[in-house]
Peer 1: 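The structure's right below; bear with me while I get my questions together.
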Amino acid sequence: MDFDADDEKMPILRKAFQMFDTTKSGYIETIKISTLLNTMGQLFDEAELQALIDENDPDATGKVNFDAFCNIVATFLEEEDDEAMQQELKEAFRLYDREGNGYITTSTLKEILAALDDKLSSSDLDGIIAEIDTDGSGTVDFDEFMEMMTGD
């Protein structure tokens, strides 16, 4: 089940993949896929996910490349349109913006990223943060967060 490379979700998936592929190996561990889907606020069925992983990782290497990753994740993203995607990212953002200030601190974002990938070093995290917090405010507003997640 391949989808078009020009699909608007491609940049999001690539971004997500790159976030998890910290060693730039071109592969991510299949165990990270459920975390990733959770982060995107995506509902999925564990058993269905496992079946897709097995299908895309027939040798059970525990890793998949970007194409296989897309095949797996696309199954769950399919029914989504941009608006739904944005809604889900908003929800994820709101979870972390507990005070409802409309922004999260970069240290909170660091926690989120660290939770997503425990292999990220402090300097990796700083690099990601620097890229996102373009105005150096020490906070990330929803638009910056959105941009990070969607790569727009």
Side-chain angles (χ1 to χ4, degrees), residues 1-45 48-49 51-53 55-57 61-97 102-121 123-152:
M1 182 209 82
D2 289 316
F3 57 41
D4 307 332
D6 61 3
D7 188 315
E8 72 268 359
K9 300 217 172 45
M10 256 347 232
I12 300 176
L13 293 177
R14 190 163 288 288
K15 196 99 176 173
F17 185 84
Q18 286 164 347
M19 268 169 69
F20 282 79
D21 177 20
T22 46
T23 59
K24 308 283 175 268
S25 63
Y27 289 89
I28 65 170
E29 291 158 41
T30 51
I31 50 170
K32 291 185 179 162
I33 295 176
S34 59
T35 314
L36 200 138
L37 287 168
N38 283 329
T39 311
M40 293 171 89
Q42 191 61 52
L43 299 171
F44 60 93
D45 180 79
E48 189 183 350
L49 176 61
L52 282 160
I53 287 173
E55 197 179 301
N56 283 281
D57 180 17
T61 59
K63 290 188 166 89
V64 288
N65 65 13
F66 183 65
D67 290 342
F69 165 75
C70 285
N71 287 341
I72 296 167
V73 177
T75 307
F76 301 103
L77 294 181
E78 269 186 351
E79 315 73 48
E80 299 254 322
D81 53 27
D82 271 0
E83 220 164 282
M85 182 85 188
Q86 194 154 0
Q87 225 11 71
E88 290 184 343
L89 286 171
K90 255 202 179 83
E91 286 305 307
F93 188 81
R94 211 172 281 135
L95 282 175
Y96 295 103
D97 177 19
Y103 61 81
I104 54 178
T105 61
T106 48
S107 59
T108 301
L109 185 60
K110 257 191 195 176
E111 281 168 39
I112 300 168
L113 295 170
L116 291 180
D117 191 340
D118 52 17
K119 289 196 184 63
L120 283 171
S121 72
S123 61
D124 288 337
L125 290 169
D126 290 337
I128 296 170
I129 300 291
E131 233 168 83
I132 299 155
D133 182 19
T134 44
D135 55 5
S137 60
T139 57
V140 177
D141 62 26
F142 181 67
D143 291 335
E144 288 172 317
F145 179 72
M146 223 16 224
E147 210 166 285
M148 169 184 112
M149 295 312 257
T150 57
D152 286 344

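From a predicted model like this one, the values you see are computed outputs, not experimental measurements.
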Peer 1: Decide if atom NZ of K63 counts as having more than 12 heavy atoms of other residues, nucleotides or ligands within a radius under 6.0 Å.
Peer 2: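 No - once you tally the heavy atoms of other residues, nucleotides and ligands closer than 6.0 Å, there are 12 at most.
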Peer 1: Would you confirm whether D97, through its side chain, and G102, through its main-chain N or O, come within 3.5 Å as a donor-acceptor pair?
Peer 2: yes
Peer 1: Does any non-hydrogen side-chain atom of S34 lie less than 4.5 Å from one of L37?
Peer 2: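 Counting from C-beta outward, L37 and S34 never come under 4.5 Å.
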Peer 1: Could you tell me the separation between the CD1 atom of I128 and the CG atom of D133, rounded to the nearest 0.5 Å?
Peer 2: 13.5 Å
Peer 1: Are side-chain heavy atoms of F17 and L36 found at a separation under 4.5 Å?
Peer 2: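 No, too far: nothing below the 4.5 Å cut-off.
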Peer 1: Can you measure from OG1 (T30) to CG (N56) and round to the nearest 0.5 angstrom?
Peer 2: 10.5 Å
Peer 1: Does either side chain, that of S25 or that of D21, offer a donor lying less than 3.5 Å from an acceptor on the other one?
Peer 2: yes
Peer 1: How far does CD1 of I129 sit from OG of S123, to the nearest 0.5 angstrom?
Peer 2: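 If I round to the nearest 0.5 Å, the distance is 12.5 Å.
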Peer 1: Please round to the nearest 0.5 Å and tell me the distance separating atom CD1 of I28 and atom CD of Q18.
Peer 2: 11.0 Å
Peer 1: Show the nearest heavy-atom pair for residues D124 and K119, with the distance to one decimal.
Peer 2: OD2-O, 4.1 Å
Peer 1: Is it the case that more than 12 heavy atoms not belonging to Y27 sit under 6.0 Å from its OH atom?
Peer 2: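 Counting neighbours around OH of Y27, 12 or fewer heavy atoms of other residues, nucleotides or ligands fall under 6.0 Å, so no.
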Peer 1: Would you compute the distance between atom CD of E29 and atom CG of D57 and round it to the nearest 0.5 angstrom?
Peer 2: 11.5 Å
Peer 1: Does some side-chain heavy atom of V64 sit less than 4.5 Å from a side-chain heavy atom of I33?
Peer 2: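 The answer is yes, as the side chains (C-beta and beyond) meet within the 4.5 Å cut-off.
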Peer 1: Under 4.5 Å between any side-chain heavy atoms of L52 and N71, yes or no?
Peer 2: no
Peer 1: Between F93 and F142, what is the ring plane arrangement, given parallel below 30°, perpendicular above 60°, and tilted in between?
Peer 2: perpendicular
Peer 1: Measure the CG-CE distance between L120 and M19 for me, rounded to the nearest 0.5 Å.
Peer 2: 8.0 Å
Peer 1: Given I104, which partner from the list V140, T139, L95, D141 fulfils the side-chain contact (heavy atoms from CB on, under 4.5 Å) test?
Peer 2: V140
Peer 1: Minimum heavy-atom separation for T35 to I31, with atom names?
Peer 2: OG1-O, 3.9 Å
Peer 1: May I have the step-by-step check of side chain to side chain contact (heavy atoms under 4.5 Å, CB included) for L13 and F66, ending in yes or no?
Peer 2: CA-CA 9 Å; L13 293 177; F66 183 65; 4.2 Å; yes
